Structures are given as C-alpha cells and as structure tokens.
Engineer: 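This is the structure, below, for whatever I ask next.
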Amino acid sequence: MKNRKLLLENVHIPGIETFDVYRKNGGYRSVEKALNGMTPDEVVEEVKKSGLRGRGGAGFPTGMKWSFLAKPEGIPRYLVCNADESEPGTFKDRYLMEKIPHLLIEGMITSSYALGANTSYIYIRGEFMYILHILEKAIAEAYNKGFLGKNILGKGYDLDLFVVPGGGAYICGEETALLESLEGKRGNPRIKPPFPAVKGLWGCPTVVNNVESLAAVVPIINEGGDAYANVGIGRSTGTKLISACGNLVKPGVYEIEMGLSVEEFIYGDDYCQGIANNKKLKACVPGGSSVPILPHYLVTKTASGEDRLMSYESLAEGGFVSGSMLGSGGFIVFDEDQCIVRNTWNFTRFYAHESCGQCSPCREGTGWMEKVLHRLENGHGNIRDIDLLAEINKKIEGNTICPLGDAAAWPVAAAIRHFRDEFEWHVTNKDEAITRNYGLSKEPLIA
Amino acid sequence: MKTETTIYQNTAEFKGFSKETLAKFDEIKNHFPAGKEKSAIIRMLHLAQSEIGWLSTEGMDEVAKMLNIQTIEVYEVATFYTMFHVNPVGKYVFEVCRTGPCMLVGSDKIIDYIQEKLNIKVGGTTADGAFTLKTVECLGACGYAPVLQCNYKFHENLTKEKVDELIDAYRSGIIEN
C-alpha cells in the first residue's frame with residue numbers, strides 16, 4: 001500500500017533541527033496560514049474534520065478535546081504538551097523532538113493560537129534533559145525569527161513557550177498528575193471532574209496533548225482537515241509513529257499510514273525486517289506495556305481470520321478476548337525464547353514501582369501481584385496463584401483515581417488469558433521453570 | 001513507589017550554590033507567572049543535584065528559601081521523583097534500565113556484568129566513590145536497548161565490551177560529567 005509520511009518526511013535532511021533549514025523546507029507555513037487567514041475557531045474546526053485522535057495512548061479525538069476548553073473572560077488558558085514519554089516500549093516522541101524539534105514548536109504555536117493560549121509549556125520527562133536543551137535552542141531561534149513572543153507575524157497574537165522537566169515518574173504522563181508536577185508538586189493524579197479543560201494548570205482551563213498529536217496539527221492546517229482524513233483507514237485517520245522494539249531485526253521509529261498490515265510491519269523490508277536471529281514470533285504487545293499481549297496466532301490475523309492492521313479499530317478487534325489496543329504505538333515483539341511469566345512479572349514490577357501510592361487498590365494491589373508473579377516465575381508458585389492474580393486484578397481495575405491501576409491489571413489478565421498453559425507449567429515443572437523457558441505457546445484447538 | 005525516602009544532612013560539605021547555578025535559578029523562576037514560581041522546583045533540584053552530587057537537606061533548604069516555600073514542600077518532591085538522589089552517590093551514577101523491552105534483549109546480563117566488573121551490588125557505590133550502580137524503570141530508549149543513563153547521558157545498545165569501554169572512558173575522564 002501507499003505510505004504517506006506527514007511528520008517525518010523531512011527528518012533525514014541535514015540540519016533540519018535548525019530554524020533556517022526547517023523553514024526552507026516548508027516549516028512554519030501552518031503558523032502563517034492560521035494567523036493570516038483563519039480564526040481560532042476555524043483552526044479547531046480543521047482539526048475536528050481531520051479526525052485526529054490523541055497519540056499519547058487513549059485515542060480521544062483531539063478536536064473534540066479542544067472544543068471542551070472553557071473560555072471564561074479574563075482567565076488565562078494554557079496549552080501543555082505532554083512529552084513525559086514513559087510507557088515501556090514507547091520512544092517515538094523522543095525521536096521526533098530530537099530530530100525535528102521545530103515541528104513540535106510549530107504545532108504548539110498553531111494550536112496555542114487555536115485555543116487562545118498566550119503561555120504554553122512542554123512538560124518533558126527529566127531523563128530527556130538533552131532534548132530539553134535541543135528544544136530550548138529551537139525555541140530561542142523561533143523567538144528570534146518572530147514566531148514566538150509579542151505580536152507574532154505582526155498579527156497581534158502573543159505567545160510564550162517554555163520547557164519544564166519532570167523528575168522520573170511514569171505517573172506524570174497522566175494529564176492531571178502532569179499538571180500537579182508542573183505546579184511543582186508530587187505527581188498525584190487529581191479526581192475528575194473537574195477536567196483540565198475547566199480547571200487545569202493553576203486552576204485555569206488547560207488542554208494537555210501528546211507531542212505527536214500537536215505535531216500532526218501542522219500537516220492538518222497545511223493540507224486541510226479533509227485531506228488529512230483521507231490518509232489512513234476508517235476512523236483511524238492520518239499517520240502514526242510506531243516505536244518498535246524487542247526481538248526485531250530492525251527496531252526503531254517508523255511513521256506508518258494507518259491501515260498498514262501488521263504482517264508487513266513486522267516482516268516487511270521497509271520496516272522491522274522480521275524477528276531477530278531467525279527466531280519465531282511468540283507474542284506481541286502492540287501499544288505499550290499497558291495494552292493486552294497478543295499470542296503469535298493473533299498478531300497478524302484477528303480471531304475471525306482477517307488480516308490484522310495497524311489501526312485503532314483493527315488492533316482492538318475482538319475486544320480484550322482476542323484483541324489489544326494501538327495505545328501509544330510502543331510495539332514490543334517477543335521471540336520464541338522469551339518467558340511470558342517473567343515478562344509479566346517485570347511489567348508488574350514496573351507498575352508497582354511507578355504507582356504514586358495515592359489509591360490503596362493500586363498501591364497495594366500492584367505490590368501483591370508483583371510478589372505473586374515473582375514466586376511463580378521462580379518456581380515457588382501454587383496453582384491457586386493464577387486465580388489469585390485474576391482476583392487481585394478485579395479489585396484494582398476501575399477502583400482507582402487514574403488509569404494506572406487499569407494499566408497494571410490489563411497486561412496480567414491478558415497474559416493469563418492467552419498463556420495459562422505457561423503459567424501452569426511454572427507450577428507443575430518448578431525445577432525446569434528455573435532453568436529453561438517454556439517455548440512457543442500452543443494454538444488453541446478451535447475451528 | 002520510590003523506595004529511598006529518608007533524607008540526610010551533609011553539613012560538612014555543603015558550601016552553597018555557585019553564582020552560575022543561582023543565576024539559572026532566577027532565570028527559571030521567570031518561566032512562570034508571578035506567584036507560581038514553585039513550578040520551578042523540579043528543574044532547580046536537577047541543577048542543584050548536578051552541582052552538589054546529591055540532594056542533602058542543606059541543598060533542599062536553600063531551594064526552599066529561594067522559592068519562598070516550606071522545606072517540607074521540597075522534601076516531598078525530592079522523595080517522590082526517582083531521579084533525585086536523596087542519599088550520597090558516587091561521581092558517576094549508572095542507572096541501568098531493567099524494564100521489559102530492555103530485559104528482552106539482555107539487560108539482566110548487563111546488570112550482572114556491571115556488578116561483577118565494579119564489584120558492587122545494585123544500589124552500591126565503589127570504594128573510590130567513582131561509580132554508583134542503580135536500576136531504573138523504562139528510560140524511553142527501548143529501540144536501542146539495553147540502555148543505561150549516566151548523569152543525563154544515554155549509553156545505548158550495550159554489550160559487555162561497551163560496558164568495559166564506558167567504565168574506562170569515565171575512569172580516564174574521556175567522558176566528562
């Protein structure tokens with residue numbers, strides 16, 4: 001199929017990280033177009049038409065999110081870019097910001113104009129301190145050239161843009177935790193409602209968007225919302241950055257048009273080029289560690305035998321029974337030598353470590369799951385532990401302020417659903433489980 | 001949750017921040033509207049830690065004074081975010097990613113190798129005070145795994161050989177802090 005690139009088309013041009021080269025290659029046109037001939041509402045309308053969905057993981061329509069923004073008189077509004085990319089398997093925003101920082105800045109200027117924000121922030125995870133410096137350099141260039149600051153392009157619109165680092169907390173990727181952190185506090189998520197669109201940063205109306213979503217505003221304004229909606233498939237419009245990792249020949253960041261087949265993505269010459277070391281595919285987590293794992297027989301085909309495509313709908317086909325989610329685009333691939341129990345334990349340890357500690361079900365539940373999985377993996381498990389995990393799962397899911405609890409519960413539930421034989425084997429073959437891995441899971445015997 | 005939550009004094013060694021760091025503090029405070037300067041706290045703590053190595057109560061108290069907030073407001077932030085070292089660490093802190101994607105391509109072996117090579121356990125510091133080894137959760141570099149971060153620098157696609165080179169390079173000062 002055709003493969004349009006809308007974000008990373010120019011990424012390989014030498015010097016594209018500088019203002020001059022970026023500008024020469026068509027950069028900052030969207031700012032000119034918006035400020036010269038469009039009202040803020042018209043910009044919002046184009047984004048709505050584009051069908052762009054939040055690229056951070058939830059997939060909520062960006063235009064709709066923008067239209068929820070409260071606009072009371074005399075109170076400032078803020079746009080905050082969520083660059084706290086911490087979902088295991090996801091490293092697409094890092095790539096975009098490092099290679100082509102002006103794309104994000106351009107997207108933020110156009111979006112801030114649409115929302116009527118005069119101060120905007122990029123909240124970036126603390127580990128990406130070197131990217132913070134790249135962004136600040138690019139922002140200084142944009143100020144110098146009159147695209148930021150007072151009276152941009154002589155149109156009477158003012159915008160200040162700042163970068164703020166986090167301190168290494170996964171939870172700050174959740175938008176209300178991010179706002180708490182941006183206010184200089186611990187990253188404890190807030191109870192919603194009120195939503196940030198009404199009460200966000202310092203109690204003012206705020207929109208929080210992912211890096212990739214804001215970057216996508218640039219081609220949407222340049223080419224029009226309808227043109228953007230023509231790229232992709234169905235309600236999954238446009239392109240998506242996929243960060244592929246794990247046991248692949250060629251891991252990395254790829255911009256794909258929505259609707260590319262998963263088969264092509266894993267094995268195609270233009271993409272990941274198959275499983276490393278001539279091994280077989282065992283499983284795949286297609287959207288960051290929080291989404292359900294898919295066993296090999298459900299990766300390239302859905303349960304009904306159709307080709308699985310890289311789109312919100314196709315990856316979710318079959319619901320949680322036989323599907324997963326596109327999530328953040330963190331595509332993690334497991335070869336036949338990997339142990340699912342060990343990996344599930346590892347992910348659960350991650351959530352136990354990253355739980356903010358505010359809600360008991362998550363704080364305690366993730367810790368318990370980690371302990372139970374640890375003993376299963378190390379040959380001290382009991383057959384009842386498998387059901388115990390499912391039991392803990394149910395007590396976390398839906399009982400927490402923010403979705404971290406769900407994100408911790410889903411991978412465990414999915415691993416047990418698809419790889420129960422492997423969990424049981426860890427109990428029945430304790431000695432062996434310590435010395436070797438189970439291998440490929442068996443395909444269920446259903447017609 | 002972060003496990004290191006006890007804070008320590010370091011009265012003997014803390015001599016205040018340098019002029020450059022103080023100037024940066026002032027600049028960062030200007031990124032926020034009047035009255036909202038507390039937002040600068042995380043970045044100030046990063047700068048403070050870069051200068052003094054780890055965050056002792058003296059350093060944090062100084063930050064609190066500059067932001068005109070209570071010291072507890074700084075302590076609670078420093079003990080929440082994993083990047084802040086609230087107890088003494090070596091000059092170079094190796095933070096090795098241990099999460100799924102890195103584990104799939106052998107981060108366990110890298111962690112074992114560094115422990116062996118530096119003759120310390122995870123969490124420990126070498127006798128000469130040069131290296132501390134820590135494990136951290138996802139660093140967001142999964143496609144270039146296994147990966148470690150040392151004082152804000154990423155070192156990717158690690159192998160045993162690369163670890164050897166890295167340690168030598170830090171020891172001999174080829175890589176500066």
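Worth saying up front: this structure is predicted, and the values here are computed from it rather than measured. Per chain, numbering begins at 1; letters A, B, ... match sequence-line order.
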Engineer: Residue by residue, which of residues 357-365 of chain A have a heavy atom closer than 4.5 Å to a heavy atom belonging to chain B?
Structural biologist: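 Heavy-atom contacts from residues 357-365 of chain A to chain B are A/Gly357, A/Arg363.
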Engineer: Crowded around A/Lys185 NZ? As in, over 12 foreign heavy atoms under 6.0 Å?
Structural biologist: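 More than 12 within 6.0 Å, yes.
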Engineer: For B/Ala141, is it the side chain, the backbone, both, or neither that has a heavy atom closer than 4.5 Å to a heavy atom of chain A?
Structural biologist: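 For B/Ala141, backbone and side chain are both near chain A.
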Engineer: Any side-chain to backbone donor/acceptor pair from A/Asn346 onto B/Met103? Under 3.5 Å, distance only.
Structural biologist: no
Engineer: Would you say the ring centroid of B/Tyr144 lies under 6.0 angstrom from that of A/Phe91?
Structural biologist: yes
Engineer: According to ring-ring contact (aromatic ring centres under 6.0 Å, His included), who are the partners of B/Tyr113, at least two apart in sequence or on a separate chain?
Structural biologist: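 Counting only residues at least two positions away or on another chain, B/Tyr113 forms no ring-ring contact (aromatic ring centres under 6.0 Å, His included).
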Engineer: So which part of A/Ser289 gets closer than 4.5 Å to some heavy atom of chain B, the side chain, the backbone, both or neither?
Structural biologist: neither
Engineer: Quick one: what part of A/Ser181 sits under 4.5 Å from any heavy atom of chain B, side chain, backbone, both or neither?
Structural biologist: both
Engineer: Tell me, out of B/Thr82, B/Val77, B/Ile41, who's got the most heavy-atom pairs with chain A below 4.5 Å.
Structural biologist: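 Looking at each of B/Thr82, B/Val77, B/Ile41 in turn, B/Thr82 comes out on top.
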Engineer: Identify which part of B/Gln149 has an atom lying under 4.5 Å from any heavy atom of chain A, answering side chain, backbone, both or neither.
Structural biologist: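 It is the side chain, since no backbone atom gets that close.
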Engineer: Hey, what do you get for CD1 (B/Ile42) to SG (A/Cys172), rounding to the nearest 0.5 Å?
Structural biologist: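 B/Ile42 CD1 to A/Cys172 SG: 6.5 Å, rounded to 0.5 Å.
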Engineer: Can you confirm whether B/Lys109 is buried at NZ, in the sense that more than 12 heavy atoms of other residues, nucleotides or ligands lie under 6.0 Å from that atom?
Structural biologist: no
Engineer: Of the backbone (N, CA, C, O) and the side chain (C-beta and beyond), which part of A/Arg349 lies under 4.5 Å from a heavy atom of chain B, both, or neither?
Structural biologist: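 Both parts, heavy atoms under 4.5 Å.
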Engineer: Without placing hydrogens or testing angles, list every side-chain donor-acceptor pair under 3.5 Å for residues 62-70 of chain B, not counting sequence neighbours.
Structural biologist:
none

Engineer: Answer yes or no: is there a side-chain heavy-atom contact under 4.5 Å between B/His46 and A/Met129?
Structural biologist: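 Yes; the side chains approach each other to less than 4.5 Å.
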Engineer: Of all residues at least two apart in sequence or in a different chain, which pass the side chain to side chain contact (heavy atoms under 4.5 Å, CB included) check with A/Val163?
Structural biologist: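 Partners of A/Val163 by the side chain to side chain contact (heavy atoms under 4.5 Å, CB included) criterion, ordered by chain and then number, come out as A/Ile122, A/Ile124, A/Leu132, A/Leu135, A/Glu136, A/Ile139.
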Engineer: Chain A: which of B/Leu139, B/Leu104, B/Val74, B/Leu45 shares the most heavy-atom pairs with it under 4.5 Å?
Structural biologist: B/Leu104
Engineer: Heavy-atom pairs under 4.5 Å with chain B: which of A/Phe334, A/Tyr130, A/Tyr170 has the most?
Structural biologist: A/Phe334
Engineer: Flag the pair A/Phe162 / B/Phe32 as yes when at least one side-chain heavy-atom distance between them is below 4.5 Å, and no otherwise.
Structural biologist: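 No. Closest side-chain heavy atoms not under 4.5 Å.
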Engineer: Please name the pair of heavy atoms, one in B/Gly100 and one in A/Phe347, separated by the smallest distance, quoted to 0.1 Å.
Structural biologist: CA-CE2, 3.6 Å
Engineer: Please look at B/Asn157 and chain A and tell me whether the side chain, the backbone, both or neither of the residue comes under 4.5 angstrom of a heavy atom of that chain.
Structural biologist: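 Answer is neither: B/Asn157 stays 4.5 Å or more from chain A.
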Engineer: Give, for atom CG of A/Leu182 and atom NZ of B/Lys36, the distance between the pair rounded to the nearest 0.5 Å.
Structural biologist: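 A/Leu182 atom CG to B/Lys36 atom NZ measures 12.0 Å (nearest 0.5 Å).
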Engineer: Non-hydrogen atoms of chain B under 4.5 Å away: do they reach the side chain of A/Tyr95, the backbone, both or neither?
Structural biologist: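 The side chain, not the backbone.
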Engineer: Mind listing the closest non-hydrogen atom pair of B/Cys142 and A/Gly89 along with its distance?
Structural biologist: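 The pair with the smallest heavy-atom distance is SG-N, 3.1 Å.
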Engineer: Please classify the contact between A/Tyr351 and chain B as side chain, backbone, both or neither, with a heavy-atom cut-off of under 4.5 Å.
Structural biologist: neither
Engineer: Under a 4.5 Å heavy-atom cut-off, does chain B meet the side chain of A/Phe331, its backbone, both or neither?
Structural biologist: neither
Engineer: Under 4.5 Å between any side-chain heavy atoms of B/Cys138 and A/Glu87, yes or no?
Structural biologist: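 B/Cys138 does not reach A/Glu87 side chain to side chain.
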Engineer: Could you tell me whether A/Trp368 atom CH2 has more than 12 heavy atoms of other residues or ligands within 6.0 Å of it?
Structural biologist: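 Open.
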Engineer: I would like to know whether A/His353 and B/Val136 meet side-chain contact (heavy atoms from CB on, under 4.5 Å); could you show each step before the answer?
Structural biologist: CA-CA 9 Å; A/His353 184 268; B/Val136 291; over 6 Å; no
Engineer: Any ion pair linking A/Arg94 and B/Glu156 (charged N to carboxylate O, less than 4.0 Å)?
Structural biologist: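 Looking at B/Glu156 and A/Arg94, the cut-off is met.
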Engineer: Counting C-beta onward and ignoring hydrogens, is there a side-chain heavy-atom pair between B/His31 and A/Leu161 closer than 4.5 Å?
Structural biologist: no
Engineer: With a 4.5 Å limit on heavy-atom distance, are the side chains of B/Met83 and A/Glu127 in contact?
Structural biologist: yes
Engineer: Only pairs of heavy atoms separated by less than 4.5 Å count here; which of A/Ala169, A/Gly126, A/Gly246, A/Gly252 has the most with chain B?
Structural biologist: A/Gly126
Engineer: Hey, which of A/Gly168, A/Ser86, A/Ala244 has the most heavy atom pairs under 4.5 Å with chain B?
Structural biologist: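 Heavy-atom pair counts peak at A/Gly168.
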Engineer: Does a side-chain heavy-atom distance below 4.5 Å link B/Ser39 with A/Trp202?
Structural biologist: yes
Engineer: Starting at CD1 of A/Ile332, measure out to OG1 of B/Thr99 and round the result to the nearest 0.5 Å.
Structural biologist: 10.0 Å
Engineer: Would you mind telling me which of A/Arg125, A/Lys250, A/Glu85, A/Lys92 has the largest number of heavy-atom pairs within less than 4.5 Å of chain B?
Structural biologist: A/Arg125
Engineer: Testing the basics here: between A/Phe128 and B/Gly140, what is the closest heavy-atom pair and its distance to 0.1 Å?
Structural biologist: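 What the structure gives for the nearest pair is CZ-O, 3.8 Å.
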Engineer: For B/Tyr81, is the NZ or CZ atom of A/Arg186 found under 6.0 angstrom from the centre of its six-membered ring and inside 45 degrees of the ring axis?
Structural biologist: no
